[in-house]
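The structure under discussion appears below in the form of structure tokens.
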There are 2 protein chains.
Amino acid sequence: MHKQDVTIYDVAREAKVSMATVSRVVNGNNNVRKETRDRVMEVIKRLHYQPNAVAQGLASKRTTTVGLIVPDLTNLYFAELSKGIDDIAVLYKYNIIISSVENRLMKEDAVIQGLLNKQVDGVIYMSNKLSEEATEAFKRTDTPVVLAGTVSGNSEFPSVNIDYKKADTEALNLLLNDGKKKLALVVGDKEAPINRDNRIPAFEKFVADNELEGCEVFDGIKDYSDGYNLYPELAKKGINGAIVTKDVSSVGLLNSALDRGAKVPEDFEIITASATQIASVVRPALTTIKQPLYDLGAVAMRMLTKLMNDEGLEEKHITLPYELIKKQSTLNK
Amino acid sequence: MHKQDVTIYDVAREAKVSMATVSRVVNGNNNVRKETRDRVMEVIKRLHYQPNAVAQGLASKRTTTVGLIVPDLTNLYFAELSKGIDDIAVLYKYNIIISSVENRLMKEDAVIQGLLNKQVDGVIYMSNKLSEEATEAFKRTDTPVVLAGTVSGNSEFPSVNIDYKKADTEALNLLLNDGKKKLALVVGDKEAPINRDNRIPAFEKFVADNELEGCEVFDGIKDYSDGYNLYPELAKKGINGAIVTKDVSSVGLLNSALDRGAKVPEDFEIITASATQIASVVRPALTTIKQPLYDLGAVAMRMLTKLMNDEGLEEKHITLPYELIKKQSTLNK
DNA sequence: TCAAATGGTGCAATCGCTTACAGCTAATTT
DNA sequence: AAATTAGCTGTAAGCGATTGCACCATTTGA
């Protein structure tokens, strides 16, 4: 970064006004006579003046920048959330500093502290679970934080989610109606609050309510090959219907079932709980719980803009509707 | 953003030194006596002092922030590039401001100007083509810029790419060796330099060199359904081998072919030129030109760090190796 | 007609840091 | 022993903006 060529001071001198007036013009303050404004504007154009956002940030204590914390950029679930966030951010003229935190030596609280040091006006946090460190780091600051598609143990932070319990129950019903009674719930990490407090209890309640037997939760299935390798176990146990939280795992499971000669959906049905592109391009296409990822992100960012303007929130926790999209991996009776 | 609680001044007072000394300690300057350093460090710890990066940025004219310009976050091609960039950025302690520019009202030069106003130390630009506006905007600044996975008309800006001509030629050879002689090149936009200056000339040369007939370039195939809808036309024209630049389009084409009873790869072979997750989870799995996306990003970011430190570059344009990965959508003879 | 309100502008302090430069002490040369 | 040099620290001038306050000239109201 080299010395800035033209500063507010240059504009002031050239337009024969004070820096204060130039600043007012730049910031759209009304208290400037039209002629003065025009003259200043003309000089700004002529000199190609561009305000230095860093100096603005220091003086005004607002950087029009928000931090985005995301586990992994290449996970389409978070990528689509991010897109919703980004679009709203652009609308409100915020820039986004993105930080991915999965598989990093740097701890989450250090990442968050780094963002706070950069004086971000707000933070959006996305993850399967809100980590301890993150919680502590957020508590220490008064910079607003919103959780997007992230379940936290407590309800301290504003959040946007869908009703995971209801969605799962509806999906399980679909399987049961198709005559599948030995059901599985396949998760990445059963200790993540989204699973521990939502999906697993919903699953267990469903099993109990319907007096099903031989149903089971399978943990630690995080990627394609985990899913692929899981199928034999399911087959051995006679499982004939599964809800899989991650889309790549679902596809692994699907391909594995097909490779071993199972008929999907006749012998084995799969529903995936995250409807990214991948779920819809495989054959048979996967029936999905379609989360409104873009909207989750967009709503979260909108909430954050309100918090950053001290506008207050009508609702602290927003629940968006989901859709159960029936495709070819279930019978569709 | 509220008033910062503890500033460098507080630390100075508490440690009975000047701000300058605290600043030296914070920045790891050697010219501080060990005892003084220890005393300052102790106070920093005790008061939980965190430097204000905005103030640092204004005073030092370096923000340790780089701008990332990407067409679309949810495009896995760019997401994987971004991951490589991000990892190296973390290593060198840079933050990333990400801006997506596809389908936006805001023009690219405005986006770039916004980044420059934030005083980013450098910019990485990713796209299928370097736009006019972007070129002009970059020329006006002395902030370093690196192109990652982006072909530009001129060679003004440092860049990292693979040898697209060579890769395509090798892929075409594979198809020809499998006995497929009516070949197609399926692109998103034939005016993009990567296509206009690399892929299409390579295709045409190959066709001419091998005296093939009925080969053709298909333009405007940008997404799944474009690919899906394209197949009948290919079939009618007797095309039996295709190279598709976008992975989702390839999958559309593949599914369409299968749905219409074509045998892949016996009747029709497909090679996709971007090897993202999607290409490997579909059945039959797609043979791909595997670009080292992560590395492209990482190398680009490494180049940028050198430029930001005025270290100079050994090579301005870096070409990374690709791999032709044979899967099930070609015969594999 | 005079006091009060309003609008437009400038002054100058401030935001929290970095960094020449200078000065001082103690160590090293000559 | 005097002159350099090296090591450590402080002073203070920025960096480029925002903003509270004061001031003056007009309007407005009674």
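Distance from the side chain of Val17(B) is smallest to dG10(D) among dC17(C), dG10(D), dG16(D). If you check dC17(C), dG10(C), dT18(D) against the side chain of Met19(B), the one that comes closest is dC17(C). With distances taken from any side-chain atom of Ile8(B) to the nucleotides dT19(D), dC17(C), dG16(D), the minimum falls on dC17(C). Distance from the side chain of Ala59(A) is smallest for dT18(D) among the nucleotides dG16(C), dT18(D), dT11(D). Taking the side chain of Tyr49(B) as heavy atoms from C-beta on, and the options dT18(D), dC17(C), dG16(D), the nearest nucleotide is dC17(C). The side chain of Ala20(B) approaches dT11(D) more closely than any other nucleotide in the set dC17(C), dT11(D), dA17(D). Nearest to the side chain of Thr36(B), among dC8(D), dG16(C), dG10(D), sits dC8(D).
If you check every strand for non-hydrogen atoms under 4.0 Å, Lys16(B) touches sugar and phosphate atoms only.
Between Arg33(B) atom CZ and dC24(C) atom P the separation is 17 Å, expressed in whole Å. When the P atom of dA17(D) is taken as reference, atom CG of Asn29(A) falls 17 Å away, rounded to whole Å. Rounding to whole angstrom units, OH of residue Tyr9(B) and P of dA13(C) are separated by 16 Å. Distance Asp5(A) CG to dC15(D) C1': 15 Å, rounded to the nearest Å. In this structure, Asn30(A) atom CG and dG7(C) atom P are separated by 10 Å, rounded to whole Å. Look at CZ on Arg24(A): it is 9 Å from P on dT9(C), rounded to the nearest Å. Put simply, CG on Asp38(B) is 13 Å from P on dC8(D), counting in whole angstrom units. Between the CZ atom of Arg37(A) and the P atom of dG8(C) there is a distance of 9 Å, given to the nearest Å.
Checked by atom type, the side-chain pair Asn52(A)/Gln56(A) shows no donor-acceptor distance below 3.5 Å.
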